[in-house]
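Side-chain atoms are counted along with the backbone in the values below, which use heavy atoms only and exclude waters and symmetry mates. A, B, ... follow the sequence lines: proteins, then strands. Residue 1 opens every chain.
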4 protein chains.
Amino acid sequence: MPDTQDGKATAAPSRPVGRPRRSQQALLDAAAEVFVESGVDAPVREIATKAGVGVGTVYRHFPTRSELVVAVYRHQVEACAEAGPRLLVESATPEDALRTWVALFVDFLVTKHGLADALHGDAAGSDALHAYFVGRLVPVSSSLLAAARADVGPTNDEPALDGYNLLKGVGNLCIGAASDSGYDADRLVQALISGALTP
Amino acid sequence: MPDTQDGKATAAPSRPVGRPRRSQQALLDAAAEVFVESGVDAPVREIATKAGVGVGTVYRHFPTRSELVVAVYRHQVEACAEAGPRLLVESATPEDALRTWVALFVDFLVTKHGLADALHGDAAGSDALHAYFVGRLVPVSSSLLAAARADVGPTNDEPALDGYNLLKGVGNLCIGAASDSGYDADRLVQALISGALTP
Amino acid sequence: MPDTQDGKATAAPSRPVGRPRRSQQALLDAAAEVFVESGVDAPVREIATKAGVGVGTVYRHFPTRSELVVAVYRHQVEACAEAGPRLLVESATPEDALRTWVALFVDFLVTKHGLADALHGDAAGSDALHAYFVGRLVPVSSSLLAAARADVGPTNDEPALDGYNLLKGVGNLCIGAASDSGYDADRLVQALISGALTP
Amino acid sequence: MPDTQDGKATAAPSRPVGRPRRSQQALLDAAAEVFVESGVDAPVREIATKAGVGVGTVYRHFPTRSELVVAVYRHQVEACAEAGPRLLVESATPEDALRTWVALFVDFLVTKHGLADALHGDAAGSDALHAYFVGRLVPVSSSLLAAARADVGPTNDEPALDGYNLLKGVGNLCIGAASDSGYDADRLVQALISGALTP
DNA sequence: TATGAATGAGTTTTCATTCAT
DNA sequence: AATGAATGAAAACTCATTCAT
């Protein structure tokens with residue numbers, strides 16, 4: 001029984017309309033803020049209000065929540081992805097590159113409260129987000145990990161940890177980090193790297 | 001099995017009359033089932049129905065969802081907690097004990113759909129659950145970790161990883177494991193241990 | 001992106017709860033009234049308000065709009081269905097029986113504003129209603145029509161009009177009858193019968 | 001075909017400049033298409049998109065949905081209206097003329113998905129549509145009906161069926177015909193005519 | 001003239017939670 | 001003690017309509 005807005009539902013809006021462009025960015029900024037405060041599952045209404053627009057406007061620009069989330073974090077994901085190859089060149093050792101890159105990623109996830117939570121594909125609508133993260137970052141984590149492993153020589157874990165598991169593992173380790181001062185995601189992640197590179 | 005009597009409530013009752021826990025147990029059984037099927041966030045109504053009682057009854061026994069979850073998993077958490085000291089004695093090395101115990105914990109977490117998700121204290125109402133897990137298991141993980149560290153000698157991480165971080169880290173690594181066949185929580189956890197014990 | 005009512009959505013209702021039974025009937029009465037005023041597509045909220053209950057209560061009793069509509073009109077549909085065989089016995093001729101029965105049906109449909117509109121299965125959610133009407137009344141209309149045809153002798157229309165077409169035709173002829181004083185559904189329907197029985 | 005020029009707008013323009021109707025026609029074509037696909041209740045946006053114009057343009061040309069619908073079907077309604085007198089002359093009997101004309105009307109209504117539904121004046125905003133149909137076609141149906149009645153001699157229905165009732169009755173009988181293969185609007189309509197002309 | 005961004009009311013549906021019986 | 005009816009806040013999503021540009 002979806003709806004169908006028949007004649008009855010027609011009523012002129014109380015106050016006029018028509019503010020122009022610029023909404024897109026206002027929306028992105030507002031969403032980023034709200035995501036930090038309430039997580040990526042925050043009500044659309046909340047975002048709209050914060051942005052000073054109507055909910056319809058949010059839906060116009062980002063028909064699904066995923067698209068909004070992806071848009072909000074695209075810049076940072078891109079930056080993170082691009083940092084990988086660069087670090088490999090600039091760092092003293094591949095292991096350093098990997099550690100630095102991962103720290104970058106952790107910082108990103110921890111700063112954006114709720115992002116880590118949204119990263120595992122369970123939540124409805126965060127699938128696109130998950131896919132985007134995985135698609136963009138797994139290749140990077142894979143190559144950094146491979147380089148580091150090659151550099152430290154044979155390790156003791158046979159079917160070696162792959163880039164996907166590393167990325168998701170790191171992502172998971174960041175969950176709740178922002179709100180729990182006794183929890184040190186960074187240290188855990190570095191320990192995980194150490195473990196992955198143990199000869 | 002709504003009629004299952006509490007295992008040790010037989011013989012001459014030491015307490016006055018002693019036979020309340022009837023729906024209590026039915027509730028626990030039902031909740032356990034539902035948690036497996038639909039996760040720990042399943043509607044209360046679903047649990048009540050499965051148990052053959054009214055929702056009011058659920059609330060009477062377990063005013064908050066947390067209390068219900070805690071009750072459901074208490075047995076297993078206890079078993080896990082008690083396994084710690086025993087493993088320390090039985091295992092060849094403290095590291096073995098730690099690894100085995102953590103694997104036990106991982107198994108528990110991964111088997112119970114959604115438990116790992118509920119474990120980090122973000123969600124309103126899961127605080128009691130979180131507190132119970134932490135209160136009961138952190139001492140165990142701490143002592144196992146300490147023993148293992150003592151055994152392997154000095155490690156390279158200065159303010160060493162503590163039992164709380166280990167427990168929560170492991171918990172986080174288990175998130176989503178059940179629904180993602182490409183994700184290997186166990187391997188990640190073992191790598192984490194390796195990292196924590198790297199000289 | 002259905003929903004999922006997480007912790008955040010939990011807020012104690014401002015005013016208490018728990019009025020007992022009797023809602024069912026209040027609901028039915030209210031719905032009947034609202035259907036007359038606004039058609040069977042009236043917002044659920046409107047019905048709930050008129051009945052003095054919350055929307056949840058409506059959904060509890062009638063999970064789909066169809067079930068509500070069917071419940072509202074069941075009595076009258078039953079009465080109509082049962083009148084068929086009786087009229088066949090009591091009337092002077094089968095044609096009289098048919099005409100009287102159809103007039104009964106018309107009266108029913110026209111009185112309940114919007115019922116005729118809902119009768120054709122297009123509207124979302126009125127499928128069950130449609131099925132109920134058809135299932136219950138087509139057999140009646142069929143037998144009355146057959147009896148009348150048998151009585152008047154051979155007619156000029158070869159593949160004779162069947163009970164289904166008669167019922168739906170009559171139903172359609174009643175659409176809008178209540179709100180258009182210049183439109184005489186009854187006369188049209190009687191003409192239709194005449195046409196169906198023309199030798 | 002957005003560039004299709006209005007058929008008779010060629011030659012030397014008798015009016016000042018005369019070449020506005022451009023998007024007007026594109027709109028009409030698009031609306032016709034959309035009406036067939038999604039019914040006359042299709043979202044305005046859909047029509048605008050199909051026509052390659054903004055919604056504002058639709059509103060500029062057709063402030064109400066009715067006006068759009070009327071415009072879309074004007075040609076065909078005109079054709080139908082003009083067919084009446086012609087059929088009266090060309091047909092063997094006035095009854096034949098009436099039957100043929102009504103069949104024409106039925107064909108028109110059934111082909112246009114949702115048109116029959118929109119024809120009864122209930123829905124807000126379809127008033128203009130209703131008025132146009134009635135204003136244009138009732139005179140035709142009246143005269144054809146009158147001629148047929150005069151030809152068959154006295155009938156048994158006292159206040160005889162008028163052209164308005166005939167037209168609306170036929171319209172109603174067409175509702176849902178397109179989507180229900182078991183429903184034969186044409187046969188019903190012919191039966192109705194038979195009934196109206198029964199001596 | 002045309003555009004289309006913006007608006008926001010309106011509707012459905014789900015559940016946690018209370019409390020009269 | 002148990003029950004489950006009742007409540008109503010919430011959240012998603014759709015579209016008709018306006019109006020700044």
Side-chain angles (χ1 to χ4, degrees), chain A residues 1-24 41-46 48 52-61 63-65 124-125, chain B residues 20 22-23 41-46 48-49 53-61 63-65 125, chain C residues 1-24 41-46 48 52-61 63-65 124-125, chain D residues 20 22-23 41-46 48-49 53-61 63-65 125:
Chain A
M1 227 172 285
D3 185 339
T4 324
Q5 188 113 1
D6 35 340
K8 199 173 6 263
T10 305
S14 48
R15 274 172 303 130
V17 226
R19 210 67 30 63
R21 247 96 333 185
R22 204 60 41 86
S23 298
Q24 182 101 359
D41 284 331
V44 171
R45 170 69 44 87
E46 198 179 327
V53 304
V55 289
T57 304
V58 180
Y59 280 99
R60 154 181 279 281
H61 290 291
T64 70
R65 180 188 295 277
Chain B
R22 178 76 116 270
S23 49
D41 286 330
V44 173
R45 168 67 42 89
E46 198 179 328
T49 301
V53 303
V55 286
T57 305
V58 179
Y59 279 96
R60 164 178 296 279
H61 289 292
T64 70
R65 181 187 295 275
Chain C
M1 226 171 288
D3 188 337
T4 324
Q5 190 115 359
D6 37 339
K8 197 172 13 260
T10 305
S14 47
R15 274 170 304 132
V17 224
R19 212 66 31 64
R21 247 96 338 183
R22 205 59 43 85
S23 298
Q24 183 102 357
D41 284 331
V44 172
R45 170 70 43 88
E46 197 180 330
V53 304
V55 289
T57 305
V58 179
Y59 280 97
R60 156 180 276 282
H61 290 290
T64 68
R65 180 188 297 277
Chain D
R22 176 77 116 270
S23 48
D41 286 329
V44 173
R45 169 65 43 90
E46 199 178 326
T49 302
V53 304
V55 286
T57 305
V58 179
Y59 278 95
R60 165 178 295 280
H61 289 293
T64 71
R65 180 187 295 275

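- Toward the 5' end of DNA chain E, the nearer of the two residues B:Ala42 and A:Val53, judged by each one's closest nucleotide, is A:Val53.
- F:dA10 atom P lies 17 Å from atom CG of A:Asp41, rounded to whole Å.
- Using N1 to N3 plus N6-O4 or O6-N4 for Watson-Crick, or N1-O2 and O6-N3 for G-U wobble, each under 3.5 Å, F:dC19 pairs with E:dG4.
- Scanning both residues, C:Val44 and C:Arg65, for their nearest heavy atoms gives CG2-NH2, 4.1 Å.
- A straight line from OH of D:Tyr59 to P of F:dT18 spans 8 Å, rounded to a whole angstrom.
- When the nearest nucleotides of DNA chain E are assigned to D:Arg60 and B:Val44 by heavy-atom distance, the more 5′-ward of the two goes with D:Arg60.
- Between C:Gly54 and D:Gly56, the residue anchored nearer the 5' end of DNA chain F, judged by the nucleotide with its closest heavy atom, is C:Gly54.
- Between the P atom of E:dA2 and the CZ atom of D:Arg45 lies a distance of 17 Å, rounded to the nearest Å.
- Side-chain atoms of C:Val55 lie closest to F:dA9 of the nucleotides F:dA9, E:dT3, E:dA9.
- F:dA12 atom C1' lies 14 Å from atom CD of A:Glu46, rounded to whole Å.
- Residue B:Arg65 places at least one side-chain N or O closer than 4.0 Å to OP1 or OP2 of E:dA16.
- Rounded to an integer number of Å, the gap from D:His61 NE2 to E:dT1 P is 8 Å.
- Residue B:Val55 is tested with B:Arg45, B:Glu46, B:Arg60 for a side-chain contact (heavy atoms from CB on, under 4.5 Å); the sole match is B:Arg45.
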